[in-house]
Amino acid sequence: MKKYKLGALLLSVSMLGSVVMTGCSNTEETTAETTTAQTEATTSAAETTPAETAGEYAPEYPDANGAPALYEDFGVDPMMFVNRGDSITTEMVDAAEAGNVACKISGRTDAWNGINFPADVFVGNTIRIQTNCKCDGGTVRVSVQYDTAGSTTYSNVFDIVGCSSDYVCGVGTFTIPEHVTNCYVYVEGVDTTDIYVDYMYATVEGEYVEPEGAITELVDTSDYVNLSEVYADYFKLGCAIPNSLVTNEYQEFITLVGQEFNSITLENELKPDSVLDAEACLADPEKYNECPAVHFDNAKDALDWAQANDIKVRGHVLIWHSQTPDWFFYENYDNTGNLASRELMLTRMENYIKEVLTYMNDNYPGLFYAYDVVNEAIDDEYNLRESFWTQTIGDDFIEKAFEFARKYAGEGVDLFYNDYNEYVEGKQAKIIETLKPVAEAGNIDGFGMQSHINISITPEEYVAVMQKYVDELGVKIHITELDIKQSTVSFNAEYDQGVFYNELFSALVEAKKNGMPLESVTFWGLTDDMSWRANEHPLLFNGDLSIKDSFRGVLYAVTGEVLEKPADYREPLGPDDAIDENYEGDTYYGNTRISSTLTIVTDDPYEGNACLMNSEGSAEYDGYSFDVSRFCGTTIKYSFAIKSPCKEVHFVADIEGSWPWIENIDTSSGEWILVEGTYEIPSDLTYLSLYLETPDMTEFYIDALHIEVAA
């Protein structure tokens, strides 16, 4: 395997031109999911270097070691992108406020429509992605797509928010797994409004590794213990899969699903944008005005496979604010016109639910044991989420959806509400309040806990959350989208993840023995490489199908075996181990929070020869974060030096669901300020990070960080 040192050399026009030749001729790409007119160029490749056109956000160019980089400012041919969606058009427009030309993306009929930037040269590497965008709808999403063994994975990297009137820069990093193909960095939205992209950069972080190509060897899984059989006395074990897992050439993946699980959920193929027949509805809106046309072509292979193999299915999802096309909510399906009336949308909703549930009951009787009726209707501020559903029907759309679903659901199909961050106290309270009338009407059977979690919640707390929904709503419980990310600060990340999986499943088994109506646990994906959180290695299997400690942890929760501790195991740091960081080395304690950039700089440090700079980001909460979990249950004493052109810097505790300020630091002098204080960490926490931010994303500098238990 050939390796290179870090470099950021612009891919030559000839190299990228050969990669994206179809993009130059406007070849269009369609996908099942989410995830050209050109003005005369005013500069040429020979006249302009990346540094000259990149402005203040320019990546560091060049490096003689030869690591590839993607650089596109839409100023010269050939363009380094392909269309994403068969309806869009791209046009180069003046973007004087951004200091350049920009690519305007119009004609978007689905949120995932946008533009793709080929990224196969980055496979197996960590890349830093940076773009400057504007969108009439106010949010642009940057994601990565790739194929693993014939199945496509989509992972969101970062969102750019508050960009409806001005260009906003977004930055994030993503590690692309090895042995994937057809890799793209892409720009999409959360609605169908026009997007403007000023530039797109992707550069390698760390040592560049030359891609090795697609998977050539998979582990033999025939002797693996069948987890679903081990858990047969407790609850179903499920796996979320794409339909393509059934049809691709690597049958080892779907064989493993059938071997280990007795339930599946389709990742995207039963979501509204996949089921609604856009071609038919838009071609004849009068015919389908009240009863939208639907089809199940995208899901048929997986449903047929499940039926043939006696594997049950959780349906996901009927009503959701996301992945439902905008046109569905407009008169005559014309999203340039007026929104449909409440009466029309109630009719459409009922007929849509009827069509889906009736089709499943008629064609796959007994296959579905549950269906998510409504998904993620409560927002992160613990309010009913504003959406096209609330705009057209009103706040009672959830009650109506469950009413219609109860009317048409087949025998034995339980009806569920599904949501994330369901364990956060404020959100849980709002969910329960919202679902009370649905439960009182007898129209809901279960609550789906998505459970995209980390070690910030203990198994005991998690079980208590489940019990609260049972007590308040009288429902069954399904864990619907389980994945647990590895710790970024652990010395033994896979082992510690396995221990946490073991503790969680031990608690679930014990809860089931004590009467908890937990009937199903579904992992959101098969392998880490296929996960939407691939960066965080959250699942039971590696990309080559080998088992991880997380698999063993789940297994041992029933068998009673104990995970073997690694021979080189290092004990986690404890409260007696102070954090003492002067930023003088190549590595440092702490991480970027969300999408800011951290850089060691040598200009004017507080002490010594260097300090740390936090810059860029796409929102004020993008800052410098450091883990203080080792000090939970204590009062800490902290000190650090801070400097910023911004008038203030916020020092904040990152507690799940709340972000209390520890201190508001006056940095208006522009000089170094030494900050000292104490903070009592809430006694009920087992995981905590602290972070620094500025209210307007202005850069700040930190030095001489010290944290210890207060005497």
Side-chain angles (χ1 to χ4, degrees), residues 219-239 256 259-262 423 451-466 479 482-514 516 518 520-528 531 533 536-577 627 629-630 632-633 685-687:
V219 171
D220 180 6
T221 67
S222 59
D223 62 347
Y224 288 2
V225 175
N226 185 317
L227 284 181
S228 63
E229 290 183 358
V230 171
Y231 276 84
D233 292 337
Y234 302 107
F235 37 76
K236 289 183 177 67
L237 278 188
C239 181
L256 182 60
Q259 176 180 312
E260 297 296 330
F261 304 102
N262 52 14
Y423 48 86
S451 306
H452 302 294
I453 60 178
N454 55 36
I455 60 173
S456 62
I457 182 170
T458 68
E460 293 74 23
E461 291 168 334
Y462 187 87
V463 169
V465 168
M466 287 196 298
I479 298 172
L482 179 64
D483 47 28
I484 303 173
K485 73 175 185 179
Q486 288 185 358
S487 170
T488 57
V489 297
S490 170
F491 297 123
N492 316 274
E494 181 178 337
Y495 171 77
D496 289 343
Q497 180 189 43
V499 169
F500 188 81
Y501 262 110
N502 178 260
E503 293 172 347
L504 176 62
F505 273 79
S506 295
L508 297 180
V509 167
E510 188 64 24
K512 181 69 175 182
K513 290 178 179 178
N514 292 330
M516 177 72 70
L518 173 62
S520 175
V521 177
T522 297
F523 298 91
W524 200 251
L526 180 64
T527 70
D528 283 346
S531 169
R533 304 171 79 185
E536 298 166 335
H537 314 289
L539 296 170
L540 307 187
F541 301 96
N542 294 305
D544 64 356
L545 302 185
S546 58
I547 61 174
K548 299 168 51 186
D549 280 345
S550 49
F551 177 97
R552 298 181 185 93
V554 173
L555 174 63
Y556 295 170
V558 174
T559 66
E561 297 170 78
V562 177
L563 273 174
E564 182 177 351
K565 188 176 290 189
D568 59 351
Y569 181 81
R570 291 178 62 187
E571 292 292 339
L573 296 175
D576 293 335
D577 300 295
D627 187 294
S629 300
R630 74 183 77 163
C632 284
L685 295 182
T686 58
Y687 175 87

Subject >> Donor-acceptor contact below 3.5 Å, side chain D528 vs main chain L539 >> reply: yes
**OP:** Any chance you could measure H452, atom NE2, to S531, atom OG, to the nearest 0.5 Å?
**Re:** 9.0 Å
Subject >> Heavy-atom donor-acceptor pair, R533 side chain to D483 backbone, under 3.5 Å >> reply: yes
Original post:
Any idea which heavy atoms bring F500 and P459 closest together, and the distance?
Top reply: CE1-CD, 4.1 Å
Original post:
How far apart are the closest heavy atoms of L518 and K512, and which atoms are they?
Top reply: O-NZ, 2.9 Å
Subject >> Whether N542 side chain and D544 backbone form a donor-acceptor pair below 3.5 Å >> reply: no
Subject >> Y231 side, atom OH; S520 side, atom OG - distance, nearest 0.5 Å >> reply: 13.0 Å
Original post:
Say you draw a straight line from CG of L540 to CZ of F523; how long is it, rounded to the nearest 0.5 Å?
Top reply: 4.5 Å
Original post:
Just by modelled atom types, is the E494 backbone N or O under 3.5 Å from a matching donor or acceptor in the K548 side chain?
Top reply: no
Original post:
Which residues satisfy the salt bridge (Lys or Arg N to Asp or Glu O under 4.0 Å) test with R552, sequence neighbours excluded?
Top reply: D549
**OP:** With side chain to side chain contact (heavy atoms under 4.5 Å, CB included) as the test, would you mind laying out the steps for D496 and S487 before giving the verdict?
**Re:** CA-CA 8 Å; D496 289 343; S487 170; 5.8 Å; no
Original post:
Which pair of heavy atoms, one from Y224 and one from S546, lies closest together, and at what distance?
Top reply: OH-CA, 3.4 Å
Would you mind writing out the side-chain donor-acceptor pairs for residues 553-576 within the sub-3.5 Å range, not counting sequence neighbours?
residue	atom	partner	partner atom	Å
T559	OG1	E561	N	3.4
T559	OG1	E561	OE2	3.1

Subject >> Intermediate values then yes/no, side chain to side chain contact (heavy atoms under 4.5 Å, CB included), Y423 and I453 >> reply: CA-CA 10 Å; Y423 48 86; I453 60 178; 3.5 Å; yes
Original post:
Between F551 and F541, does the ring centre distance come in under 6.0 Å?
Top reply: yes
**OP:** Look at the side chain of Q259 and the backbone N and O of T221, then say whether any donor-acceptor pair between them is shorter than 3.5 Å.
**Re:** yes
**OP:** Indicate yes or no for a side-chain donor-acceptor contact from N492 to the backbone of Y495 under 3.5 Å, with no hydrogens or angles considered.
**Re:** no
Original post:
How long is the gap from CD on Q486 to CD on Q497, to the nearest 0.5 Å?
Top reply: 4.0 Å
**OP:** Output, in order, the C-alpha distance, side-chain angles, deciding distance and verdict of side chain to side chain contact (heavy atoms under 4.5 Å, CB included) for V465 and E461.
**Re:** CA-CA 6 Å; V465 168; E461 291 168 334; 5.6 Å; no
Original post:
Could you walk me through whether M466 and L508 pass the side chain to side chain contact (heavy atoms under 4.5 Å, CB included) check?
Top reply: CA-CA 10 Å; M466 287 196 298; L508 297 180; 3.6 Å; yes
**OP:** Would you indicate whether the side-chain heavy atoms of V521 and F505 approach each other to under 4.5 Å?
**Re:** yes
Original post:
Which pair of non-hydrogen atoms, one from S550 and one from Y501, has the smallest distance, and what is that distance?
Top reply: CB-CD1, 3.3 Å
Subject >> Between CG on residue L482 and CG on residue L237, distance to nearest 0.5 Å >> reply: 10.0 Å
Subject >> Least distance between heavy atoms, I479 atom then S451 atom >> reply: CG2-OG, 3.6 Å
